[in-house]
S.K.: 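Dropping a structure here in structure tokens format, bear with me for questions.
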Amino acid sequence: MKRALIQFDEETYNKLRQTAFDRKQSISAVVREMVNKGLVTGKKKKYKSPRDFSFIGAGTSQQRRRAPVSEHHDDALAEIYDALRKNK
């Protein structure tokens, strides 16, 4: 088995703890079971036509002088870091 660190908000943790108590299992056992169940039964949507991809292009960005951002993202990040260093 592999170990993983997972953080839960207070409400989720309390529900998980109560579920483990009710089932007389450890919290780890309950989490493993739920994750496994979600991975096995998780249904993936099958796209069949171009209409199924209507979400593509739904967002827009103002790339300005860095267009296309996909090629100049390192420059944009460097500018942000420079600005942060100057403000210190």
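Residue indices begin at 1 and follow the sequence shown.
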S.K.: Of all residues at least two apart in sequence or in a different chain, which pass the side-chain contact (heavy atoms from CB on, under 4.5 Å) check with A20?
M.R.: I27, V30

S.K.: Using a 4.5 Å cut-off on heavy atoms from C-beta on, say whether the side chain of D82 contacts that of E79.
M.R.: no

S.K.: With sequence neighbours excluded, give me every salt bridge (charged side-chain N to carboxylate O under 4.0 Å, His left out) pair touching residues 17-29.
M.R.: R23-E33

S.K.: Sorted by first residue and then second, give each side chain to side chain donor-acceptor pair (under 3.5 Å) pair with at least one member in residues 1-12; sequence neighbours left out.
M.R.: D9-T12, E11-K15

S.K.: Just how far is it from atom OG1 of T19 to atom CE of M34, taken to the nearest 0.5 Å?
M.R.: 5.0 Å

S.K.: Sequence neighbours excluded, which residues qualify as side-chain contact (heavy atoms from CB on, under 4.5 Å) partners of I80?
M.R.: L84

S.K.: Would you kindly confirm whether V31 and Y13 end up in one hydrophobic cluster when ILVMFWY residues are joined by side chain heavy atoms under 4.5 Å apart?
M.R.: yes

S.K.: I'd like to know whether CZ of F21 has more than 12 heavy-atom contacts from other residues, nucleotides or ligands below 6.0 angstrom.
M.R.: no

S.K.: Between N87 (side chain) and A83 (backbone), is there a donor-acceptor pair under 3.5 Å?
M.R.: yes

